[in-house]
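Here is the structure we will look at.
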Number of protein chains: 2
Amino acid sequence: MARTGDRARTATVPALSALDFALDRGSPVPLYYQLAQQLESAIEHGVLAPGNLLGNEVDLSVRLGLSRPTVRQAIQSLVDKGLLVRRRGVGTQVVHSQVKRPLELSSLYDDLEEAGQGPTTQVVRNEVVPASCDVAAALGVSEGSEVTVLDRLRRTHGQPVALLCNYLPASLVPLDDTRLESTGLYRMMRSAGITLHSARQRVGARAATAEEAARLDEEEGAALLTMQRTAYDDTGRAVEYGTHIYRASRYTFDFQLLVRP
Amino acid sequence: MARTGDRARTATVPALSALDFALDRGSPVPLYYQLAQQLESAIEHGVLAPGNLLGNEVDLSVRLGLSRPTVRQAIQSLVDKGLLVRRRGVGTQVVHSQVKRPLELSSLYDDLEEAGQGPTTQVVRNEVVPASCDVAAALGVSEGSEVTVLDRLRRTHGQPVALLCNYLPASLVPLDDTRLESTGLYRMMRSAGITLHSARQRVGARAATAEEAARLDEEEGAALLTMQRTAYDDTGRAVEYGTHIYRASRYTFDFQLLVRP
DNA sequence: CAGTGGTCTAGACCACTAA
DNA sequence: TAGTGGTCTAGACCACTGT
């Protein structure tokens, strides 16, 4: 049914059929994932513009030689990421987004990705001590058991931005200062076979003490952002407890959140 | 294959078969959703304890008279919520969590759920003004177009906790002060047919000015938590821009985040 | 090795939306 | 009314895990 006259405002992208999705059935990568990645990259590169309809799922599956559930799974994963929106009776369209990529919570993101060139982290203290009462409670271990305490100073562009204090069960990961500074804590935990599952965070603010001010190059009484985090393994084990302090003048938490229907 | 001697640490819960899942095929509520809700409530009430294996999907589907994909969809939704963990070759188990219910980001959660008895919100200002440069940029409207500006003071237990300043495109929602105070902004937007999709947030800290201190019952220079948020519709339209200020002595952002694999 | 979740297929009917 | 996504079925084979 051809429309005469005006082009539909939200036309199905005609180039979609030209988009050659290369699906490799021999690959160990799941088909739905291959499709999702290629769709995502098409969106990211503007091949699929915001508002474009994706074409109905049945056609897509026929054209790609996949079953409909497989195509749905690919699309659903992008819906979960906030890149696509489905409307019953209408179709699936690329979200008209101001924000390209959903960001992770920035502080955790920093920790996960701190290998990037920007921030450097200096290990100030790295030793095994008996767990104090609050640390033991946060980590779910018995008071007095051995925990590693880690004090680090993070800088960007040569300027101090944060004091990071972390506690981990001592037996969990061998923590070498050099690798810690180059690789980052979370990467070391991951390569030690720990799969992170969830974290509980509390963000607040308070005035800097004299000592904190000195270490962070601020005035005493300056506003600081504080963050406490306990991170859990997929078995539910607490694997890290940390208290972080950020210079509010040089650091904010930026993040996007998706409202689930 | 019965184990002799020690009970398995992670035994399949024997009571699971006794759990009478009541699935109503006549209901408009999807079967997978009915199952997911009942599983979630069983977890919440401790019928399914952390670490319990759920029993394999095939058996479950046979026992429930559902197809395996349907059962998987129910389980997957709880995995996405962080309540269950799947391990290939092992099974699905209830996550050994310290945190029962994953929380939403607390500030947005407050706004969504502010009907609760605790916090009250007083509308201090509610008028239509031409958009300033930064507001126009944040909302994606032209400078000078009409926007509603909303100043509110939030209290809990009679104590002021936050100053909320919000901007909305004027034509979007009729904003009645009384309903605003009793119902909350997000609920009013929802009932006006706006389906929230995503939000971009920035959390920081700074010292209180004299005026802010006076309105929040703090000392000048006290640490404040700041939050800026732009919320988007599922069409990608910006529907709200806000600048919030919280007393750090009485408010923190608490939230849980899930690491997606 | 047996048992688990991970992936995939080829259909079906329904509820909703827009013209 | 025609087209869309939402739900559901009954199978299948594979990869991984633990014994």
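Since we're looking at a predicted model, the values are computed, not measured. The chains referred to below are lettered A, B, ... by the order of the sequence lines, with proteins before strands, and numbering in each begins at 1.
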Notebook entry, point to check: Which of these passes side-chain hydrogen bond (donor to acceptor under 3.5 Å, both in side chains) with E240(B): Y232(B), Y186(B), Y167(B)?
Noted result: Y186(B)
Could you list, one pair per line, each protein nitrogen or oxygen that sits under 3.5 Å from a nitrogen or oxygen of nucleotides 12-17 of chain C, together with the distance?
from, atom 1, to, atom 2, distance (Å)
dA12(C), N6, R68(A), NH1, 3.2

Next item on the list: Please state whether the phosphate of dT4(C), meaning OP1 or OP2, lies under 4.0 angstrom from any side-chain nitrogen or oxygen of T92(B).
Entry: no
Check: CD of Q76(B) versus P of dT7(D): gap in Å, rounded?
Finding: 14 Å
Check: Are any of N56(B)'s side-chain N or O atoms less than 4.0 Å away from OP1 or OP2 of dT4(C)?
Finding: yes
Margin query: On a heavy-atom basis, which atom in S27(A) and which in V29(A) lie closest, and how many Å separate them?
Written below: OG-N, 2.9 Å
Item checked: Given DNA chain C, 5'-ward residue of the pair R86(B) and L66(A), judged by closest heavy atom -> R86(B)
Item checked: Between C1' of dT9(D) and CG of L64(B), the distance in whole Å -> 15 Å
Next item on the list: Rounded off to whole Å, could you give me the CD-to-P distance for the Q73(A) and dG5(D) pair?
Entry: 17 Å
Notebook entry, point to check: In Å and rounded to the nearest 0.5 Å, what is the CG to CD distance from L35(B) to Q73(B)?
Noted result: 10.5 Å
Note to self: Please classify the nucleic acid contact of P69(B) as base, sugar-phosphate, or nothing, using heavy-atom distances under 4.0 Å.
What the structure shows: base
Checklist line | For atom CG of L60(A) and atom C1' of dG3(D), their distance in whole Å | finding: 15 Å
Check: If only side-chain N and O atoms of S67(B) are considered, is one of them under 4.0 Å from the OP1 or OP2 phosphate oxygen of dG11(D)?
Finding: no
Check: Have R229(B) and Q201(B) got a donor and an acceptor in their side chains that come within less than 3.5 Å?
Finding: yes
Item checked: Phosphate-side-chain proximity, Y32(A) and dC8(C), N/O vs OP1/OP2 below 4.0 Å -> no
Item checked: Interatomic distance, Y33(A) OH vs dT7(C) P [rounded to whole Å] -> 11 Å
Check: Separation of E57(A) atom CD from dG11(C) atom C1', in whole Å?
Finding: 15 Å
Notebook entry, point to check: Could you state the CD-C1' distance from Q93(A) to dT4(D), rounded to the nearest angstrom?
Noted result: 12 Å
Notebook entry, point to check: What is the distance from CG of D234(A) to P of dG5(C), rounded to the nearest Å?
Noted result: 15 Å
Check: Of G65(A) and R72(B), whose nearest nucleotide on DNA chain C comes first from the 5' end?
Finding: R72(B)
Next item on the list: Using side-chain contact (heavy atoms from CB on, under 4.5 Å) as the criterion, point out the one residue from L139(B), V173(B), L168(B), L196(B) that pairs with V239(B).
Entry: L196(B)
Notebook entry, point to check: Where the side chain of N126(B) meets the backbone of L175(B), is there a donor-acceptor pair that is under 3.5 Å apart?
Noted result: yes
